[in-house]
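Side-chain atoms are counted along with the backbone in the values below, which use heavy atoms only and exclude waters and symmetry mates. Naming: A, B, ... by sequence-line order, numbering from 1 per chain.
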2 protein chains.
Amino acid sequence: MNMNDDMSGKESSATHGAYMTLRDMILTGELPAGQKLKIEQLRGLLKTGASPVREALSLLTSDMLVERIDQRGFRAAPANKANFEEILELRCTLEDLALRKSIAAATPQWEEQLILTHHRMRKSVGQDIKVFEEAHKTFHMALLANSGSPMLERYCAQLYDLNIRYRNLAAGGSKYQSRDIAAEHEEILEAAVQYNADLACTCLLKHYRLTGEYLAREMDA
Amino acid sequence: MNMNDDMSGKESSATHGAYMTLRDMILTGELPAGQKLKIEQLRGLLKTGASPVREALSLLTSDMLVERIDQRGFRAAPANKANFEEILELRCTLEDLALRKSIAAATPQWEEQLILTHHRMRKSVGQDIKVFEEAHKTFHMALLANSGSPMLERYCAQLYDLNIRYRNLAAGGSKYQSRDIAAEHEEILEAAVQYNADLACTCLLKHYRLTGEYLAREMDA
DNA sequence: AATCTCAAAAATATCGATATTAATTGACAT
DNA sequence: ATGTCAATTAATATCGATATTTTTGAGATT
């Protein structure tokens with residue numbers, strides 16, 4: 001009759017579930033970069049049919065997390081330093097652009113969202129890492145959310161995820177919190193709320209590049 | 001036994017065929033913006049099963065040509081002036097970036113590709129419009145092909161296609177050739193081959209914006 | 001030893017049928 | 001007339017079973 005675990009009852013469909021799970025497994029590195037993704041294997045893992053798996057993989061292609069080779073199945077997107085640096089650089093360029101646009105078009109609602117998402121991020125710092133990660137992304141996306149260009153924001157979100165993936169792949173452990181991340185976020189927030197685009201962007205890019213350098217070092221191993 | 005029309009025998013699979021056909025139909029406007037894309041209907045049209053159709057639609061989602069609403073099927077991506085202008089602007093930003101990178105890293109091979117693709121584009125001017133369109137895209141992508149950033153190039157290609165779509169949607173007829181397109185292309189080529197990034201980008205963006213303004217006018221109708 | 005061939009095994013792609021879910025219709029009450 | 005709700009219809013999502021294609025590997029040939 002009914003289906004299994006749909007905890008809070010939002011979107012439920014085998015495809016959507018498979019999509020979310022696979023996405024998470026690739027982002028966390030549970031499915032290693034470059035790995036062949038066999039339908040049967042995943043079918044067993046996700047306890048669903050072949051069609052949803054296949055469709056989920058097709059969807060993950062959009063996110064550049066999965067590669068599809070016609071007639072030869074799917075594989076987790078490969079990862080290497082060059083790709084990582086490409087992502088970092090593109091991300092800096094596009095987020096700089098988006099943040100400037102957001103600030104240029106600043107509205108009270110947007111600012112309030114910044115304050116809120118930042119607050120929630122701070123509150124989530126002790127909790128499960130997944131919760132913090134979610135809040136962290138939400139805050140960063142809120143910074144760009146007023147750019148007036150949905151596609152630009154989409155690209156930024158995509159690059160954000162790809163970057164997170166590298167963080168997970170490189171730093172198995174997560175003791176990378178040597179820097180004062182919280183202070184960096186506050187700097188960005190403050191500059192944004194004061195409509196200081198140059199400063200906000202400087203802080204934002206510094207925030208990304210510092211993490212980037214740390215990860216690049218890890219990846220040499 | 002064997003399947004139908006695979007002319008030259010490259011990639012053959014029902015999914016790939018459906019993908020190409022649907023893509024073309026959406027780009028040309030044969031499938032109007034916003035239209036519901038029912039599986040059964042397309043299944044008949046493409047003379048194939050439901051699975052390939054479904055998978056092709058999922059793939060087209062990556063290209064932002066199809067929207068997928070969970071549990072509610074697919075539809076051709078909507079089109080409106082705001083979206084068009086967003087695409088145009090993003091495209092100008094990203095292509096400017098990519099062209100500058102390409103020129104900065106110029107190599108003899110890259111230059112020769114420019115010359116070649118430009119030549120082929122000129123040669124294809126009398127032929128079937130599809131042939132010219134193909135050559136035109138190839139030339140423009142060749143300009144960016146040396147950027148060293150595959151993802152950036154991918155975004156540019158995507159935006160290129162979306163722009164073409166609007167050109168097809170807006171200008172049913174194609175008597176928009178009032179400008180001297182050929183001269184514009186030559187200007188761009190010349191500047192690129194001389195490593196004059198500023199000039200090349202100026203010409204390129206002018207090329208796009210002129211077309212953009214023309215189309216924007218058409219769209220007011 | 002290296003390479004080639006070809007059949008067996010494995011995996012993907014596709015089909016046809018069914019279960020689920022959303023959209024529509026129309027009777028009934030307001 | 002208009003709004004509500006249940007029954008009906010239509011469409012999507014999913015399954016299980018094949019057909020196709022790719023990969024593998026044992027044996028034959030140089």
Is there a side-chain contact between Thr15(A) and the phosphate of dT14(D), meaning an N or O under 4.0 Å from OP1 or OP2?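 Affirmative; the distance criterion is met.
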Atom-pair distance ([atom1] on [X]; [atom2] on [N]), nearest Å:
X	N	atom1	atom2	answer
Arg68(A)	dT21(D)	CZ	P	15 Å
Gln35(B)	dA11(D)	CD	P	13 Å
Glu55(A)	dT14(D)	CD	C1'	10 Å
Arg43(B)	dA10(D)	CZ	C1'	15 Å
Glu40(B)	dC15(C)	CD	P	12 Å
Gln71(B)	dA10(D)	CD	C1'	15 Å
His16(B)	dT14(C)	NE2	P	11 Å
Gln41(A)	dA10(C)	CD	P	15 Å

Does a sphere of radius 6.0 Å around CD in Glu153(A) hold more than 12 heavy atoms from other residues, nucleotides or ligands, not counting ones at 6.0 Å or beyond?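 More than 12 heavy atoms, drawn from other residues, nucleotides or ligands, come within 6.0 Å of this atom.
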Heavy-atom closest contact (Thr61(B) atom, Arg68(B) atom, distance):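 Closest approach of Thr61(B) to Arg68(B): OG1-CB, 4.0 Å.
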For the side chain of [X], counting heavy atoms from C-beta on, which of [options] is nearest?
X	options	answer
Arg72(B)	dT14(D), dT22(D), dA23(C)	dA23(C)
Ile39(A)	dT14(D), dA23(C), dT12(C)	dT12(C)
Ser51(B)	dA22(C), dC15(C), dT14(D)	dC15(C)
Thr48(B)	dT22(D), dC15(C), dT14(D)	dC15(C)
Lys38(B)	dT14(D), dA11(D), dT12(C)	dA11(D)
Lys36(B)	dT14(C), dT12(D), dT21(D)	dT12(D)

So, the side chain of Asp63(A) versus the backbone of Leu65(A): is there a donor-acceptor pair under 3.5 Å, distance only?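 Not a single qualifying donor-acceptor pair exists.
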Ring-plane angle category for His185(B) and Phe139(B), please: parallel below 30°, perpendicular beyond 60°, tilted otherwise.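 The rings of His185(B) and Phe139(B) stand perpendicular, inter-plane angle above 60°.
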Parallel, tilted or perpendicular for His207(B) and His140(B), by the 30°/60° rule?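 Aromatic pair His207(B)/His140(B) classed parallel.
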Within the 4.0 Å heavy-atom criterion, would you say Leu57(B) contacts the bases, only the backbone, or no part of the nucleic acid?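 No contact.
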Reading DNA chain D from 5' onward, which residue's closest nucleotide shows up sooner: Gly73(B) or Pro52(A)?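 Between the two, 5'-proximity favours Gly73(B).
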